[in-house]
Amino acid sequence: DQQVKQNSPSLSVQEGRISILNCDYTNSMFDYFLWYKKYPAEGPTFLISISSIKDKNEDGRFTVFLNKSAKHLSLHIVPSQPGDSAVYFCAAINTNAGKSTFGDGTTLTVKP
Amino acid sequence: NAGVTQTPKFQVLKTGQSMTLQCAQDMNHEYMSWYRQDPGMGLRLIHYSVGAGITDQGEVPNGYNVSRSTTEDFPLRLLSAAPSQTSVYFCASSPHGGSGQPQHFGDGTRLSIL
């Protein structure tokens, strides 16, 4: 039973437009949610996070929205740039258990 | 600042061989973890450690052993390699496991079992 799901394996967006990446979860014990970005042949790098007590967190071009009732979060990138092309992983943390659970990732391609 | 260092970057093994994947961090992080990533899939937790001398199993621990004798090092041992263990392995660390702090990842070890 996959507790964190990213239902879109890939997303293609034109440079300058908005990219929206989605993530759904099932475990109500998750209390932090994070997005990581991964380039080929490198490890994931942290992008942005949100606590379960908030519904929005913004950092420059990146905004994460959390809808707890729907158990859904999304990452918005505005405006999208070609350098944003990467695999994006959604991760959820149950701080009581001290473990992170990752989704399968979404490959974002930003076309010039 | 090196961060999380994994060695080797690539390795090919024969079925039944054993080996150790090395992971070291220089950030004095208490929490360290090992993940495997298979094609088209996310990262699955193998083992983790909340501090020196303490380890615990993750989602997919079978066939792997770990130890944490120092804060800096967290090696992953394959006892008897099997083709199903062909994967990319990532080591990660964070200041504490029981918080929402992000993990710092190494660049991975690509392992092929023939």
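Since we're looking at a predicted model, the values are computed, not measured. FYI, side chains are in, hydrogens and waters are out, and symmetry mates aren't considered; it's all heavy atoms of this structure. Residue numbering restarts at 1 for every chain, and letters A, B, ... go by the order of the sequence lines.
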Residues of residues 39-58 of chain B with a heavy atom under 4.5 Å from any heavy atom of chain A, in residue-number order, are B:Gly40, B:Met41, B:Gly42, B:Leu43, B:Leu45, B:Tyr48, B:Gln57

task: Inspect the surroundings of CD1 in A:Ile53 and state if more than 12 heavy atoms from other residues, nucleotides or ligands are less than 6.0 Å away.
output: no

ILVMFWY network linking A:Val4 to A:Leu75, side-chain heavy atoms under 4.5 angstrom
yes

Residues of residues 101-113 of chain B with a heavy atom under 4.5 Å from any heavy atom of chain A, in residue-number order, are B:Gln101, B:Pro102, B:Gln103, B:Phe105, B:Gly106, B:Asp107

When the 4.5 angstrom heavy-atom criterion is applied to A:Ser100 and chain B, the contacting part is both

Checked A:Ala97, A:Gly103, A:Gly105 vs chain B; the most non-hydrogen pairs under 4.5 Å come from A:Gly103

**Item:** B:Tyr35 reachable from B:Val4 in the ILVMFWY side-chain graph, under 4.5 Å edges
**Value:** no

Residues 29-44 of chain A vs chain B, non-hydrogen distance cutoff under 4.5 Å, contacting residues -> A:Tyr32, A:Leu34, A:Tyr36, A:Lys38, A:Ala41, A:Glu42, A:Gly43, A:Pro44

- Message: Taking A:Ile77 as the starting point, is it possible to reach A:Ile50 by hopping between hydrophobic residues whose side chains are less than 4.5 Å apart?
- Response: yes

- Query: When hydrophobic residues are tied together by side-chain contacts of less than 4.5 Å, even through go-betweens, does A:Phe46 share a cluster with A:Leu73?
  - Reply: no

| task | Decide whether A:Leu47 and A:Ile20 are clustered together by the hydrophobic rule: side chain heavy atoms of Ile, Leu, Val, Met, Phe, Trp, Tyr closer than 4.5 Å, transitively. | result | no

Residues of residues 87-94 of chain B with a heavy atom under 4.5 Å from any heavy atom of chain A, in residue-number order, are B:Phe90

Residue A:His72 excluded, over 12 heavy atoms near NE2 under 6.0 Å: yes

Worksheet item: How about A:Arg61: does its CZ atom have over 12 heavy atoms from other parts shown lying under 6.0 Å from it?
Response: yes

Using a 3.5 Å distance criterion without hydrogens, assess whether the side chain of B:Tyr31 forms a donor-acceptor pair with backbone atoms of A:Gly98. yes

